[in-house]
Amino acid sequence: MERTIDRGTVVIGIDECKGCGLCVQACPPRVLRLSAQLNRHGYHPAEYTGSGCTACGICYYVCPEPGGVTVFRREAA
Amino acid sequence: MPDLAVVHGRSPSFYAVFDRKEDGDPGQTHYCPGCGHGILTKLLAEAIDALGIQDRTVLVSPVGCSVFGYEYLDVGNIQAAHGRAPAVATAVKRSRPDSIVISYQGDGDLAAIGTAEIIHAANRGEAITVIFVNNAIYGMTGGQMAPTTLVGERSTTTPWGRDPTVHGYPIRVCELLATLEAPVHIERVGLGSNRQIMAAARAVRRAIDNQVRGLGFSVVEVLSPCPTIWGLDPVEAQTFVRDTMPRTFPLGILRDRTATAVPRPPLPSPPDPAELPGILGLDGATAGTTGGRAGGPRHAGADHRIVAAGFGGQGVQVLGEVLAEAGLSAGYHVAWLPSYGPQMRSGTSNCHVRLCGGAVDSPLVSRPTALVALNQPSLRAFLPRMEPGTLVLFNADAVPPDGLPRGLRIGAVPATAIADRLGSPRAANMVMLGALLEATGMLAPGVVEATLQRMVTDPAWRDLDLAALRAGQRAARRALPATCLHRTAILGAPGPPGPGPRPS
C-alpha cells in the first residue's frame with residue numbers, strides 16, 4: 001500500500017504546554033494526545049502521534065499558550 | 001524540515017521572553033490551563049500582526065486576571081485602575097490619534113466597577129476598540145458573583161446559585177451599549193468551539209480594523225472559559241461556553257454601522273507644553289520678580305506654613321490662592337490645600353499654604369507658623385493647635401481676652417470694618433493678607449500686587465483688592481503689637497526638621 005504524505009506537522013512546546021487538552025479535543029483528524037510523560041512543570045503535555053496532520057491550525061487557535069503549538073505546512077513541490 | 005513552512009506559530013507581537021516573575025517560566029503565561037484569556041491574547045496578537053500595527057498599538061490592561069497583559073504583548077502598554085480602562089484609552093487615543101488603542105477588560109472590571117466608564121466612552125463614540133472578556137465570574141479574586149453571573153450559577157457569594165429576586169439578572173453589556181447611537185460595531189462571540197474561536201478571531205480583527213480606518217467605538221464581548229473557578233476541566237468549560245452561556249448571552253452582531261460610518265476627523269493636536277504658559281496668560285507673570293528658579297538661594301531654608309480660616313464666602317480660599325501664586329512668582333516652592341464643606345456660603349472654610357525654599361514635603365500644615373482667622377469660630381477651632389511663637393492674626397477690633405494659649409504672637413486687625421469702609425466687606429480677605437505680609441515680610445508687596453493684577457480680571461474688584469491689601473499693611477503697622485511684627489522670627493527661619501504630615 002502506498003504511503004500518503006502528510007500535508008503538515010505540528011510541534012508542541014513541551015515546556016509551554018499546561019496539559020489542558022483543548023488541542024487534543026479540537027484536532028479534526030484526531031492526531032494529538034496527552035503524553036504519558038510529565039514536563040518540568042508537572043503537566044502531561046500534548047504530543048503529536050506522528051502522522052495525519054493536515055496543517056489546519058485549529059490546535060494553534062484553541063491553545064491558550066503563545067508558544068504552545070507551532071503548525072508547519074508542507075510546501076508544494 | 002526544509003520543505004515545511006510555519007503556518008501558525010508564536011506571534012512576533014509577543015515578547016520573546018515573558019519576564020514576569022522570578023519563579024515564572026519565561027515561555028509561559030500566568031493563565032490557568034484552558035483559560036480563555038490565553039486564547040484571546042493570541043487572537044489579539046494575530047490581528048495586530050495582520051494589520052501591521054504593532055508599533056503603534058497601545059493596550060490598556062484592566063484589573064483582574066488579565067492585569068498582566070503588558071507582560072506578554074510587545075506593544076505600548078498601560079495598566080489602568082479598576083474599571084477605568086476606557087477612560088485611559090480615551091486619553092491615549094485623543095492625545096495620540098495615530099495610535100491604535102485597545103482596552104482589554106474582564107466582566108468584573110467592565111460591567112461592575114467600570115460601568116460608568118464603558119457607557120460614556122461608548123456614548124462619546126471614542127474611536128477605540130474594547131475587548132470585553134466575559135467569563136461570568138470574578139476569577140482573580142476567587143470566584144465571587146459578577147454582574148454577568150448566570151441565573152442559578154454558583155459562586156462564593158451565591159453559594160446556592162444566583163437568585164434574580166435577590167441578586168438581579170445578568171447584565172447584557174452588548175445589548176445595553178446597543179441602545180446608544182455612537183458605537184459603530186458591537187459583537188458578541190465565544191471561545192466555546194473551533195467554529196466559535198475562528199469567529200472570535202474575525203470579530204477581534206474587524207473591531208481593530210475599524211479603528212485603523214478611523215471609525216468610531218467598537219466593542220467585542222468574548223464569552224470565555226474559566227475552568228479553575230468554574231470547577232470544570234478545560235474541555236468541560238469550553239463546552240459550557242458553547243452550549244450554556246449563549247442562552248443568556250446570544251452570540252452575534254448587535255450593531256454594524258461600519259459601512260456607513262464616517263471616519264472621525266482627528267482632534268486638533270494638543271498644544272506644545274512650552275506654549276502653555278502663554279495660553280494660560282502666565283508668560284511674563286514671573287518675569288522680573290522671580291530672581292531665578294524656584295527655591296533659589298533667595299529663599300534658602302524658608303518654610304512658611306500658613307493656615308487661613310473663616311466662613312465660606314469670606315474669601316479664605318482666594319487669600320490662600322493669591323498667597324501661593326505670589327509665592328510662586330517670587331521663587332518659592334508652594335502648596336495650597338483648600339478644605340471646605342459642601343456649603344457655598346456660611347460653612348467652614350480653611351486652607352493650608354506652604355511657601356518653602358526647597359521642595360514642599362507635604363501640602364498639609366500641621367504646625368503653622370501663622371494663622372489667619374477671619375472669624376471667632378475659626379480662631380477657637382485652630383488655637384489649640386498653635387505652638388508658642390506662632391503668629392496669629394484675628395479679624396476683629398481686639399483680641400479676645402480669654403482662652404488664649406500662652407506664647408502666641410497674636411494681634412487683631414479689624415479687616416471687615418476696614419474693607420467695608422473701602423467699599424465692600426468682601427475685601428476683608430485682602431486686608432488680612434496685607435497684614436500678614438506686613439507682619440512676616442515673606443513676600444514683597446509688589447509681587448502680591450502683580451499677582452492680584454493678573455488674577456482679578458474685574459477692574460472694580462481689582463482696585464478694591466489692591467486698596468484693601470495696602471490698607472491691611474498700614475493697619476498692621478499701626479495696630480499690631482511689636483511681637484507680631486518681629487519679622488526675623490519668621491523670615492528665612494528654617495522649619496523644624498521634617499516631621500511627616502500629622503493627622504489633625
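Letters go in sequence order (proteins before strands), and every chain restarts at 1.
- Atoms CZ and CD, from Phe14(B) and Glu65(A) in turn, are 9.0 Å apart once rounded to the nearest 0.5 Å.
- Here the closest non-hydrogen pair linking Val62(A) and Ile197(B) is CG1-CD1, 3.6 Å.
- Atom OG of Ser193(B) is separated from atom CG of Leu22(A) by 11.5 Å, given to the nearest 0.5 angstrom.
- Checking side-chain atoms of Glu75(A) against main-chain N and O of Leu4(B) turns up no donor-acceptor pair under 3.5 Å.
- By the 4.5 Å heavy-atom criterion applied to side chains, Tyr72(B) and Pro66(A) are not counted as neighbours.
- Minimum heavy-atom separation, Pro64(A) to Cys35(B): CB-O, 3.5 Å.
- Within the 4.5 angstrom heavy-atom criterion, no atom of Cys23(A) approaches chain B.
- Enclosure of atom CD1 in Ile14(A) is not indicated, since only 12 or fewer non-hydrogen atoms of other residues, nucleotides or ligands lie within 6.0 angstrom.
- Using a 4.5 Å cut-off between heavy atoms, Cys59(A) makes no contact with chain B at all.
- When all heavy atoms are compared, the tightest approach of Tyr60(A) to Lys42(B) is O-NZ, 2.7 Å.
- Rounded to the nearest 0.5 angstrom, Arg73(A) CZ and Asp3(B) CG are separated by 13.5 Å.
- When each of Thr70(A), Val24(A), Val10(A) is checked for heavy-atom pairs under 4.5 Å with chain B, Thr70(A) comes out on top.
- Here the OG1-NZ distance, from Thr29(B) to Lys18(A), works out to 3.5 Å after rounding to the nearest 0.5 Å.
- Taking CG of Asn194(B) as the reference point, atom SG of Cys56(A) lies at 8.0 Å (rounded to 0.5 Å).
- Using a 4.5 Å cut-off between heavy atoms, Gln25(A) contacts chain B through its side chain alone, with no backbone atom that close.
- Heavy atoms from other residues, nucleotides or ligands lying under 6.0 Å from CZ of Arg154(B) number 12 at most.
- When the shell of 6.0 Å around CZ of Arg213(B) is examined, it contains more than 12 heavy atoms from other residues, nucleotides or ligands.
- Proximity to chain A is limited to the side chain of Leu43(B), based on heavy atoms less than 4.5 angstrom apart.
- A distance below 6.0 Å separates the ring centres of His8(B) and Tyr61(A).
- Shown here for Cys20(A) and Gly34(B), the closest heavy-atom pair between the two residues is CB-N, 3.4 Å.
- Within a 6.0 Å radius of CZ in Arg205(B), other residues, nucleotides and ligands contribute 12 heavy atoms or fewer.
- Between Gln28(B) and Asp15(A), the shortest heavy-atom contact is NE2-O, 3.4 Å.
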